[in-house]
Amino acid sequence: MPAIGDFLTDFENMSEFGARLRSRRLERNITTEALAEKAGLNRKTIMELEAGRDVRFTSVIKVLRALQL
């Protein structure tokens with residue numbers, strides 16, 4: 001896995017972050033629906049985040065807390 005850092009573009013950083021987040025979710029055997037419910041978000045937001053799309057920072061924090069990261 002490439003490191004997240006300054007040498008990647010914003011798009012590459014978001015894509016890498018989304019892939020890592022999805023990996024962590026799957027390691028814990030949590031569905032997007034279950035994570036969304038635990039984080040207080042909707043499933044679409046989880047899917048957008050994992051796809052590397054731009055989402056609100058507060059949504060990122062909620063997901064990280066829900067996954068205890």
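We number each residue from 1, following the sequence as shown. Just so it is clear, the structure is predicted and the values come from calculations on it, not from any experiment.
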Discussion item. Are more than 12 heavy atoms, taken from residues, nucleotides or ligands other than Arg28, located less than 6.0 Å from that residue's CZ atom?
Written reply: yes
Can you measure from [atom1] ([X]) to [atom2] ([Y]) and round to the nearest 0.5 angstrom?
X: Glu16; Y: Phe11; atom1: CD; atom2: CZ; answer: 11.5 Å
X: Leu67; Y: Glu27; atom1: CG; atom2: CD; answer: 10.0 Å
X: Asn13; Y: Phe7; atom1: CG; atom2: CZ; answer: 8.0 Å
X: Arg24; Y: Leu64; atom1: CZ; atom2: CG; answer: 10.0 Å
X: Met14; Y: Leu21; atom1: CE; atom2: CG; answer: 9.5 Å
X: Arg53; Y: Ser15; atom1: CZ; atom2: OG; answer: 9.5 Å

(message) Evaluate Lys62 against Thr45 for side-chain contact (heavy atoms from CB on, under 4.5 Å), listing each step before the verdict.
(response) CA-CA 11 Å; Lys62 289 177 182 180; Thr45 301; over 6 Å; no
(request) Begin from the C-alpha positions of Val63 and Leu69 and carry the test side-chain contact (heavy atoms from CB on, under 4.5 Å) through to its verdict. (result) CA-CA 9 Å; Val63 170; Leu69 297 174; over 6 Å; no
Heavy-atom pair with the smallest gap, counting every atom of Leu35 and Ala66
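Minimum heavy-atom separation between Leu35 and Ala66: CD1-CB, 3.7 Å.
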Testing the basics here: between Arg25 and Ile30, what is the closest heavy-atom pair and its distance to 0.1 Å?
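It is NH1-O, 2.8 Å.
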Any residue meeting side-chain contact (heavy atoms from CB on, under 4.5 Å) with Glu33, in chain and number order, not counting sequence neighbours: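 For Glu33, the residues satisfying side-chain contact (heavy atoms from CB on, under 4.5 Å) (neighbours in sequence not counted) are Thr31, Arg43.
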Across all chains, not counting sequence neighbours, the salt bridge (charged side-chain N to carboxylate O under 4.0 Å, His left out) partners of Glu48 are Lys44
